[in-house]
Amino acid sequence: MGALAFLSLQSVELVYMAAAFLFILGLKRLSGVKTARSGNALASLGMALAIAATLVRVGTEVHWWVLAGGVGLGTVVGIVLAVRVQMTGMPELVAFFNGLGGAASACVALAEIGKFVGGDTGGASVFGVRGADFAVAVVLSILIGAVTLSGSLIAFGKLAGKVNRNRFGPIGGRLLNVLLALLALWMCHLAGFSDGSGGLVFSYHLILAAVALVLGVGLVVPIGGADMPVVISLLNSYSGLAACATGFVLHNNLLIIAGSLVGASGLILTRIMCKAMNRSLVNVLFATFGEEDSSAKDEGYSNVKAATAEEAAPILDAATSVIICPGYGMAVAQAQHKVRELASILEKGGCEVSYAIHPVAGRMPGHMNVLLAEADVPYEQLFDLDQINGEFQNTDVAIVLGANDVCNPAAEKDPNSPIAGMPVLSVWDAQTVFVIKRSLSAGYAGIKNELFDLDNTLMCFGDGKKFVDELITELKDQ
Amino acid sequence: MGALAFLSLQSVELVYMAAAFLFILGLKRLSGVKTARSGNALASLGMALAIAATLVRVGTEVHWWVLAGGVGLGTVVGIVLAVRVQMTGMPELVAFFNGLGGAASACVALAEIGKFVGGDTGGASVFGVRGADFAVAVVLSILIGAVTLSGSLIAFGKLAGKVNRNRFGPIGGRLLNVLLALLALWMCHLAGFSDGSGGLVFSYHLILAAVALVLGVGLVVPIGGADMPVVISLLNSYSGLAACATGFVLHNNLLIIAGSLVGASGLILTRIMCKAMNRSLVNVLFATFGEEDSSAKDEGYSNVKAATAEEAAPILDAATSVIICPGYGMAVAQAQHKVRELASILEKGGCEVSYAIHPVAGRMPGHMNVLLAEADVPYEQLFDLDQINGEFQNTDVAIVLGANDVCNPAAEKDPNSPIAGMPVLSVWDAQTVFVIKRSLSAGYAGIKNELFDLDNTLMCFGDGKKFVDELITELKDQ
Amino acid sequence: MMLLLTTEIPNSADGELSFLIIGLWIFLLAIFTGIELITKVPPTIHTPLMSGANAISGITLVGALYCAGTGYPFLGQLMGFLAIAMATVNVVGGFLVTDRMLAMFGSKKGKKKSKKGES
Amino acid sequence: MMLLLTTEIPNSADGELSFLIIGLWIFLLAIFTGIELITKVPPTIHTPLMSGANAISGITLVGALYCAGTGYPFLGQLMGFLAIAMATVNVVGGFLVTDRMLAMFGSKKGKKKSKKGES
Ligand SMILES: NC(=O)c1ccc[n+]([C@@H]2O[C@H](COP(=O)([O-])OP(=O)(O)OC[C@H]3O[C@@H](n4cnc5c(N)ncnc54)[C@H](OP(=O)(O)O)[C@@H]3O)[C@@H](O)[C@H]2O)c1
Ligand SMILES: NC(=O)c1ccc[n+]([C@@H]2O[C@H](COP(=O)([O-])OP(=O)(O)OC[C@H]3O[C@@H](n4cnc5c(N)ncnc54)[C@H](OP(=O)(O)O)[C@@H]3O)[C@@H](O)[C@H]2O)c1
């Protein structure tokens with residue numbers, strides 16, 4: 001079997017190479033809206049190839065409940081989740097999947113340790129038997145994987161509005177986090193480098209996993225809800241790095257490559273978001289930003305003019321150019337289809353409609369694009385910040401739909417504002433601004449928005465979908 | 001020494017990794033005009049690191065004449081050539097260096113074979129003793145390296161105007177090339193896979209090298225001079241691939257990476273050039289294009305209006321917008337400094353001056369940019385084809401300076417022209433066109449240019465530098 | 001002895017190059033490739049990119065499948081089961097949901113055609 | 001025996017993975033990295049790119065230096081000498097000439113500043 005196994009190893013490596021090639025090609029095709037879908041298909045083909053080759057290599061001497069049970073369960077759950085989720089729930093789903101990916105890496109490393117202690121180690125440490133690189137890779141896999149799991153679940157909870165700081169009591173305090181991190185490092189040392197019976201070594205690894213889980217909670221709990229997308233993206237990068245570490249454990253190049261690609265992707269998205277908010281990553285992770293009680297801030301407005309749909313519709317009817325600025329509220333209200341309908345009616349009346357997409361509008365990078373794509377808005381009508389900011393001054397009506405922070409003039413005018421320096425949509429340059437939201441309450445950053453007080457702003461209170469629907473009815477009547 | 005050598009190997013690998021990192025970073029910085037110089041510096045730092053680490057690893061048990069002699073000689077020659085060359089001679093120099101790179105790879109492979117046959121092989125083949133991958137990598141190194149050497153030297157000669165088809169008699173005939181290629185393949189087989197005494201095996205490799213050298217000549221000789229840049233770029237890619245193959249011979253990852261980077265670079269530049277000429281690579285390599293006697297084509301013009309500098313200057317003086325379209329003739333005449341002077345004078349008179357840079361103007365991609373940069377023309381004034389083609393119709397004077405094919409209307413109008421479909425500068429849209437060249441003779445593609453016959457074209461016969469100088473004198477006088 | 005000498009490779013012989021070094025080489029290159037590829041993805045598809053990358057990180061599944069082999073004690077098997085199940089969710093769910101999103105981006109082509117047909 | 005079992009690596013053990021496979025992995029990634037990097041280089045600096053890439057291909061020098069070691073017969077030494085000399089020309093000359101070209105591109109900055117000063 002020696003020679004056969006060798007041959008088989010080489011050919012499995014070739015299939016893995018093909019898979020890596022397909023992953024890279026897939027990501028390459030993601031750089032165009034038109035080729036993106038085929039890119040995703042290529043990447044999943046690569047994954048299928050890699051899995052098939054692995055199954056062949058693993059052969060039939062397996063524990064079937066592990067193999068078939070795991071794959072079966074995973075497939076069912078995966079399909080159900082993917083088919084059921086609504087586009088508004090996407091950020092949560094990504095966070096959830098991400099956690100699972102990290103956890104899987106940690107589990108693989110634990111399984112390897114299980115195998116290790118299952119043999120006769122003669123009481124030697126992991127390091128002693130398998131060398132430093134194996135020991136380090138294993139503890140890194142477990143540490144990063146577990147932090148990713150619990151961190152992602154907290155992020156998931158925060159996005160879904162189910163988790164807040166107080167629920168966890170003292171966990172997440174800065175001092176406690178430092179202590180947890182030190183404890184985790186110490187467990188890493190014990191797990192990888194201390195001699196002991198198999199049972200003891202395995203326990204160390206389990207304790208390491210447990211400490212890392214608590215650390216993940218502690219790290220993410222104090223971060224403000226508005227910063228969850230950054231956290232998720234960072235954790236996405238971690239799950240890639242965990243896969244990478246597992247690759248070093250298993251001496252598997254494909255895991256290293258795929259893990260690095262994901263790691264790079266997460267890092268870059270993180271950087272893009274931080275830039276768009278004009279904040280540093282350190283500031284995002286360690287300043288408790290935007291978590292204050294934001295409901296108390298709807299005071300202090302002096303010049304608010306409210307308008308009903310009946311009052312707003314004629315202004316819209318007369319407009320020849322309209323820019324729609326969607327935000328998180330559009331996602332909450334699921335107003336995207338209605339928005340599209342409104343735009344069609346306006347266009348039929350000869351009005352030019354475009355959409356201004358702020359890079360951090362919503363709760364995920366590209367969040368608005370996905371929603372508007374769902375509603376079949378042609379992407380030629382979508383413009384990003386730089387392209388459209390000069391256009392507002394020539395525009396009759398800017399409709400701010402469930403957006404808040406991304407068009408807060410304080411970012412430009414008040415150097416002490418928490419969002420100072422973040423580039424924003426200068427909607428106030430338009431002739432008239434409609435702000436469609438349910439109340440005067442603040443957005444995710446939890447700060448006051450002077451826009452609501454401006455002379456050319458009309459506040460249109462109501463749920464996004466309902467209000468737009470009313471506008472449509474009014475316009476049709478006229 | 002076992003353990004020491006092992007440690008040293010690992011640390012050398014780490015230095016090599018740093019070098020690869022620097023190469024990649026260097027190429028990354030080449031993507032901006034402002035960072036490009038530092039990019040080149042980083043890449044050379046990487047090279048210096050790699051060389052230093054290698055010297056340490058090689059140690060002192062060396063043949064000093066080989067080591068010191070080779071490095072010393074190479075350094076002196078390299079410096080002299082690099083410092084002496086004029087910017088117009090750049091294409092030739094690159095071709096020459098390129099040939100040396102390929103030759104070096106072939107020589108390394110030959111040296112390895114020398115070492116191989118120096119030992120006691122017991123009459124076994126290279127394949128028998130060292131395995132298939134070594135045997136294949138060695139013969140590929142030699143084959144590609146030698147083809148690169150002789151091909152590059154021929155390209156060098158053609159660019160310098162020293163080589164033409166007839167000099168080589170029958171070599172380069174299609175049938176002969178096929179025979180040579182088959183012979184080379186056969187030698188590859190003999191060299192790598194046949195048993196024999198050391199001397200015999202080494203002779204096979206030397207014969208392989210010789211055949212590959214002739215093949216390189218045969219492949220490049222029939223290619224038209226106008227296509228030399230494409231050939232050089234392709235050979236550049238080959239020299240990278242030869243280095244790659246040498247990496248497989250020596251089991252050296254750095255050689256593989258650096259070689260692949262160069263290979264990719266050459267391929268991409270080749271593709272860009274082919275696209276800019278609207279021809280396929282196969283067409284470039286195997287159709288004898290533009291090699292016909294081009295001097296005979298200066299007949300058939302019926303409506304040529306010549307102008308002296310004295311006549312042309314007033315028109316230029318009255319112009320408020322001028323676009324200068326340089327071509328290979330500017331490089332030959334070394335007129336770039338004079339052109340810059342002319343532009344300054346025009347600008348002082350309130351005229352707007354820009355430069356239209358065709359992607360394949362000159363004899364190398366980016367050739368014009370280098371020349372104009374040498375003359376300190378600000379790169380904000382340089383525009384490429386797509387940017388400027390719409391501007392000619394609003395322009396008073398277009399000055400075509402030593403360019404020909406790149407502004408030949410036949411490319412757009414005559415579907416049977418050899419350059420049909422190649423995007424060209426539509427200089428004829430300008431109010432007046434000055435064409436500065438020495439005669440009515442054709443450009444590198446060897447075809448007639450209807451531009452010279454147009455009503456709004458004035459032919460300014462003379463050497464590029466001299467004529468521009470006369471224009472300057474006239475303008476200063478007025 | 002002489003034969004051995006001739007087969008010695010001057011730079012780095014296979015046996016000696018540890019997987020750590022090989023892995024680091026691969027890691028270095030893959031990170032660069034990733035950075036170059038991802039920076040080219042336009043903001044419009046950042047959400048699908050995120051979920052797609054996520055699906056790719058399910059590559060751990062390949063590692064997890066090896067854990068189904070015999071030779072693992074029960075605890076190891078349990079971990080293997082968990083790893084396989086979770087990684088499979090990540091892979092299957094991730095690629096599916098990404099495809100769902102991207103399908104919406106693609107669908108505009110058809111729509112636009114019909115629009116042209118109308119006018 | 002048991003000890004041996006525990007140290008067996010499920011997927012691919014070091015000794016088994018031939019350099020050919022390792023080299024192919026590296027080659028695959030490096031080609032992609034190269035393509036992504038080079039496509040970003042603007043036409044303006046294609047000539048320096050060409051000569052710079054050329055200089056990098058002089059990396060063969062690193063391989064050639066190993067040929068200076070003892071253990072090579074005379075013919076091998078001669079080939080080594082030629083390889084070292086030619087690769088050195090390529091490296092030294094290539095980087096120098098590229099720097100000369102790029103220096104011209106850079107010099108405009110100073111010029112423009114002085115221009116602004118004038119006006
Ligand atoms: N997208 C990303 O990648 C990302 C990343 C990091 C951080 N962030 C942060 O997320 C925020 C995004 O800004 P944004 O302007 O999109 O959102 P926002 O500032 O969070 O404001 C959303 C607004 O929508 C309104 N709203 C909620 N439900 C609604 C409904 N059903 N109908 C109508 N309106 C509704 C809310 O006001 P009412 O309660 O009065 O209705 C709220 O003020 C920024 O602070 C950004 O920094 C985003
Ligand atoms: N740049 C690249 O990367 C590249 C790559 C592949 C192929 N090519 C080919 O190279 C050609 C480039 O086109 P091009 O328009 O730049 O050049 P061209 O078509 O070769 O024409 C150059 C003209 O310059 C004139 N000339 C020569 N010496 C002169 C002097 N001292 N003073 C004034 N004029 C002089 C010549 O006419 P007189 O003899 O009458 O003076 C000649 O017609 C194209 O055919 C292109 O396909 C370029």
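Residue numbers start from 1 in every chain, and the chains themselves are labelled A, B, ... in the order their sequence lines are given, proteins ahead of strands.
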Close side-chain approach of [X] and [Y], heavy atoms under 4.5 Å:
X: B/L30; Y: D/L102; answer: yes
X: B/V370; Y: D/P48; answer: yes
X: D/L49; Y: B/L27; answer: yes
X: D/F95; Y: B/M47; answer: yes
X: D/L75; Y: B/I113; answer: no
X: D/S57; Y: B/S239; answer: yes
X: B/N252; Y: D/V62; answer: yes
X: B/N369; Y: D/T47; answer: no

Measure up the D/F19 and B/F248 rings against each other and bin them: parallel (under 30°), tilted (30 to 60°), perpendicular (over 60°).
perpendicular
Mind telling me whether B/W65 and D/F74 have parallel, tilted or perpendicular rings, with 30° and 60° as the class edges?
parallel
Counting heavy-atom pairs closer than 4.5 Å to chain B, which one of [options] comes out on top?
options: D/A64, D/A85, D/P42, D/G76; result: D/A85
options: D/P43, D/G52, D/G63; result: D/G63
options: D/T33, D/I56, D/L96, D/V92; result: D/I56
options: D/G94, D/G58, D/G69, D/A87; result: D/G69
options: D/K40, D/H46, D/M86, D/Q77; result: D/Q77
options: D/S51, D/A30, D/G80; result: D/A30

So how far is it from [X] [atom1] to [Y] [atom2], rounded to the nearest 0.5 Å?
X: B/L100; Y: D/T88; atom1: CG; atom2: OG1; value: 10.5 Å
X: D/D99; Y: B/S44; atom1: CG; atom2: OG; value: 7.5 Å
X: B/I257; Y: D/I59; atom1: CD1; atom2: CD1; value: 9.5 Å
X: D/C67; Y: B/L110; atom1: SG; atom2: CG; value: 10.0 Å
X: B/I24; Y: D/E36; atom1: CD1; atom2: CD; value: 12.5 Å
X: B/L261; Y: D/I38; atom1: CG; atom2: CD1; value: 7.0 Å

Specify which of [options] makes the most heavy-atom pairs with chain D at under 4.5 Å.
options: B/M90, B/K28, B/R271; answer: B/M90
options: B/L73, B/I272, B/V80, B/L255; answer: B/L255
options: B/T75, B/T246, B/V77, B/L55; answer: B/T75
options: B/I51, B/V66, B/V58; answer: B/V66
options: B/V76, B/D384, B/I79, B/L382; answer: B/I79
options: B/C107, B/A264, B/C244; answer: B/C107

Given heavy-atom pairs under 4.5 angstrom as the criterion, report whether the side chain, backbone, both or neither of [X] touches chain D.
X: B/L93; result: side chain
X: B/P365; result: both
X: B/L206; result: side chain
X: B/I268; result: side chain
X: B/P229; result: backbone
X: B/R84; result: backbone

Tell me, for [X] versus chain B, whether the close heavy atoms (under 4.5 Å) come from the side chain, the backbone, both or neither.
X: D/V91; value: side chain
X: D/L24; value: both
X: D/L61; value: side chain
X: D/I45; value: side chain
X: D/A55; value: backbone

Can a donor-acceptor pair be found between the side chains of B/S105 and D/T60 at a distance below 3.5 Å?
yes
Exercise: do B/E112 and D/Y66 side chains pair donor with acceptor under 3.5 Å
no
Testing the basics here: between B/R37 and D/A103, what is the closest heavy-atom pair and its distance to 0.1 Å?
CZ-CB, 3.6 Å
Between D/G93 and B/F97, which heavy-atom pair has the shortest distance, and what is it?
C-CE1, 3.4 Å
Can you pull the ring-ring contact (aromatic ring centres under 6.0 Å, His included) pairs that have at least one residue in residues 19-55 of chain B, sequence neighbours excluded?
B/F21-C/F32
Are any side-chain N or O atoms of D/R100 and backbone N or O atoms of B/V85, one a donor and one an acceptor, separated by less than 3.5 Å?
yes
Would you confirm whether D/N54, through its side chain, and B/V94, through its main-chain N or O, come within 3.5 Å as a donor-acceptor pair?
yes
Candidates B/N98, B/I232, B/V262 - the one meeting side chain to side chain contact (heavy atoms under 4.5 Å, CB included) with D/M50:
B/I232
